[in-house]
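Beneath this line is the structure, given in structure tokens, with notes to follow.
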Amino acid sequence: MKQRIGADKRMERARILDTYAEHVSRGKVKFYARYGFTLVPERREGVYLYDADGRRFLNMHCNGGVFNLGHRNPQVIEAVRRGLDSYDIGNHHLTSGPKALLAEKLAACLPGDLKHVVFGVSGGEAVDVAIKLARAVTGRSGIISAQGGYHGHTGLALATGDERFRAPFGPPPPGFSQVPFDDVPALEGAVGPATAAVILETIPATLGVRIPAPDYFRQVRRLCDERGSLLIADEVQTGLGRTGKLWAVEHFGVVPDILVTGKGLSGGIYPITATAVNRRVYRFIEKNPFIHVSTFGGSDLGCLAALEVLRITTDPGFLAEVNRKAARMRAGLDAIQRECGVPPIPPTAGGGASPPGLGGQGSVFLEVRQLGLFIGLRFVDAAFTLVLSKALFDNGLYAIYSANDKRVLQWLPSLTISDAEMDEALAILGRALAQTRSRLKYRALRFVARRLGKEPV
Ligand SMILES: Cc1ncc(COP(=O)(O)O)c(C=O)c1O
């Protein structure tokens with residue numbers, strides 16, 4: 001896999017890492033070096049990333065959907081290139097043709113009465129906007145989110161999430177509380193007269209691609225309606241065709257009051273996000289047109305990228321292809337899972353206990369969680385999944401585990417992946433699993449497992 005590269009290329013890569021360590025984050029460079037997981041993406045094309053040292057990686061993480069249409073999708077690039085002939089980012093104080101066109105297109109393809117849009121730059125910003133609007137419209141301050149969910153690291157989005165990312169920054173803003181995901185009684189007990197909104201990822205990726213019970217969102221919708229709260233669906237990862245429908249909420253038969261989209265909307269080329277709202281919420285924006293301003297939010301060039309993304313993903317046949325690929329991927333994963341019964345592992349040298357997850361009979365590959373091409377692979381324990389992701393990396397495939405359920409490997413191919421590329425991913429998974437299961441490989445890498453807890457999101 002490793003191609004021969006010139007000394008100057010190697011030096012250039014080393015210089016990038018040194019400079020990054022000096023001026024951006026030494027901790028990040030050290031972290032990846034310790035795990036033998038250093039990837040310095042240089043060339044990118046389709047489903048592949050190429051490290052600065054020439055090594056090729058099949059990207060099965062896709063940055064949570066940013067690269068839904070592959071890296072450097074030529075159609076999105078062409079749309080932005082053409083746009084550069086006459087546009088720049090635009091002026092957020094003024095009106096704009098690309099913004100109008102994109103909002104119209106989004107309104108046409110969003111479910112129900114989500115016909116109005118506030119544009120942003122990041123998913124976190126779009127979530128902040130959603131929370132601000134929910135509070136303004138209801139006159140309440142309570143925001144309920146799911147334990148282990150993730151909505152971003154900006155102000156209000158951060159307040160919905162994990163304590164460990166909030167703690168260094170002083171007391172949390174008031175009004176935020178969390179309940180377990182997919183737990184209707186817990187929500188029954190939590191939603192009250194002060195609740196402005198319940199915010200949920202339709203399928204929380206960080207929580208291990210947890211697919212809720214078929215009726216969960218209908219119950220959440222009912223509770224919100226009964227108690228005068230809004231429902232915010234965070235579709236930053238699950239939207240734009242990832243689950244085999246354009247929006248994942250469509251699988252669950254509900255229309256939220258606010259829907260947040262990001263990541264893939266940019267085509268991975270020019271950042272843009274959107275907070276889509278219904279008529280009730282829009283009335284507040286109508287009366288307060290400058291209530292949320294964002295210099296780069298909904299930049300004209302971002303709108304052109306997003307218009308092309310939507311043209312591609314709403315093309316008749318696109319979702320049918322996603323679903324065909326999802327079924328094909330499932331068959332391949334099921335076959336690997338069937339082969340994945342693990343032989344007993346002898347005790348480690350010195351008579352210690354077998355490494356976690358590798359001893360005993362039975363499969364280490366416990367579950368395929370899947371809706372369309374939104375896939376999580378659950379293995380026997382976190383250590384196994386961590387070592388597996390390293391083995392995948394060594395075999396030229398980039399995939400990472402869910403930060404809040406490390407047993408689960410996120411398996412998110414580009415939606416444009418070809419059958420041959422899918423076969424390649426499956427073959428690498430089979431190989432990496434075999435290596436992970438071998439005691440030798442495990443012992444070589446077990447130090448990694450001890451460092452669990454020091455990982456990024
Ligand atoms: C579900 C979800 N919501 C919101 C965000 C925040 O998006 P951003 O990183 O663009 O701020 C993310 C990012 O990973 C996400 O996965």
Side-chain angles (χ1 to χ4, degrees), residues 28 59 61-68 118-134 143-162 164-166 176 178 181-182 197-212 217 231-243 247-249 252 256 258-276 292 294 296-299 302 305-306 309 369 371-376 398-405 408 410-412 455-457:
K28 194 184 272 189
N59 188 351
H61 176 235
C62 281
N63 284 31
V66 171
F67 302 111
N68 274 349
V118 181
F119 291 114
V121 181
S122 72
E125 178 189 357
V127 167
D128 282 2
V129 170
I131 292 172
K132 288 200 299 182
L133 292 175
I143 301 294
I144 299 173
S145 57
Q147 287 163 5
Y150 183 73
H151 299 288
H153 275 180
T154 51
L156 298 174
L158 180 68
T160 66
D162 281 6
R164 68 193 157 124
F165 293 112
R166 281 190 268 117
F176 288 83
Q178 294 187 318
F181 183 71
D182 199 15
V198 175
I199 178 167
L200 296 167
E201 293 158 88
T202 313
I203 302 169
T206 309
L207 195 52
V209 190
R210 275 278 301 277
I211 298 172
F217 273 100
L231 172 58
I232 303 171
D234 180 340
E235 294 251 356
V236 166
Q237 292 214 26
T238 50
L240 298 165
R242 169 58 59 185
T243 65
W247 309 102
V249 283
F252 300 104
I258 303 179
L259 183 148
V260 179
T261 180
K263 288 200 187 273
L265 190 63
S266 66
I269 298 298
Y270 207 100
I272 183 162
T273 60
T275 307
H292 179 81
S294 172
F296 299 112
S299 70
V309 167
R369 298 175 176 174
L371 200 57
L373 286 173
F374 202 51
I375 302 172
Y398 179 66
I400 59 170
Y401 52 83
S402 291
N404 288 337
D405 185 348
V408 178
Q410 297 178 353
W411 192 251
L412 269 64
E455 70 298 326
V457 174

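Model, not experiment: these values are computed from the prediction. Both ligands and their constituent atoms are indexed starting at 1 by order of listing.
Closest of all the heavy-atom pairs between C62 and N59 is N-OD1, 2.8 Å. The heavy-atom pair separating T275 from A126 by the smallest distance is OG1-O, 2.9 Å. Minimum heavy-atom separation, A157 to H151: CB-O, 3.3 Å.
Formation of a donor-acceptor pair under 3.5 Å by the Q410 side chain with backbone atoms of A205 is found in this model.
In this structure S266 satisfies the side-chain hydrogen bond (donor to acceptor under 3.5 Å, both in side chains) test with no other residue, sequence neighbours excluded.
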Is there any protein N/O under 3.5 Å from an N/O of ligand 1, and what does the full list of such pairs look like?
{"residue": "ligand 1", "atom": "3 (N)", "partner": "D234", "partner atom": "OD1", "Å": "3.3"}
{"residue": "ligand 1", "atom": "3 (N)", "partner": "D234", "partner atom": "OD2", "Å": "2.6"}
{"residue": "ligand 1", "atom": "10 (O)", "partner": "G123", "partner atom": "N", "Å": "2.8"}
{"residue": "ligand 1", "atom": "11 (O)", "partner": "G123", "partner atom": "N", "Å": "3.3"}
{"residue": "ligand 1", "atom": "11 (O)", "partner": "G124", "partner atom": "N", "Å": "2.7"}
{"residue": "ligand 1", "atom": "14 (O)", "partner": "K263", "partner atom": "NZ", "Å": "3.0"}
{"residue": "ligand 1", "atom": "16 (O)", "partner": "Q237", "partner atom": "NE2", "Å": "2.9"}

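With contacts defined as side-chain heavy-atom distances shorter than 4.5 Å, the pair Q237/L412 qualifies.
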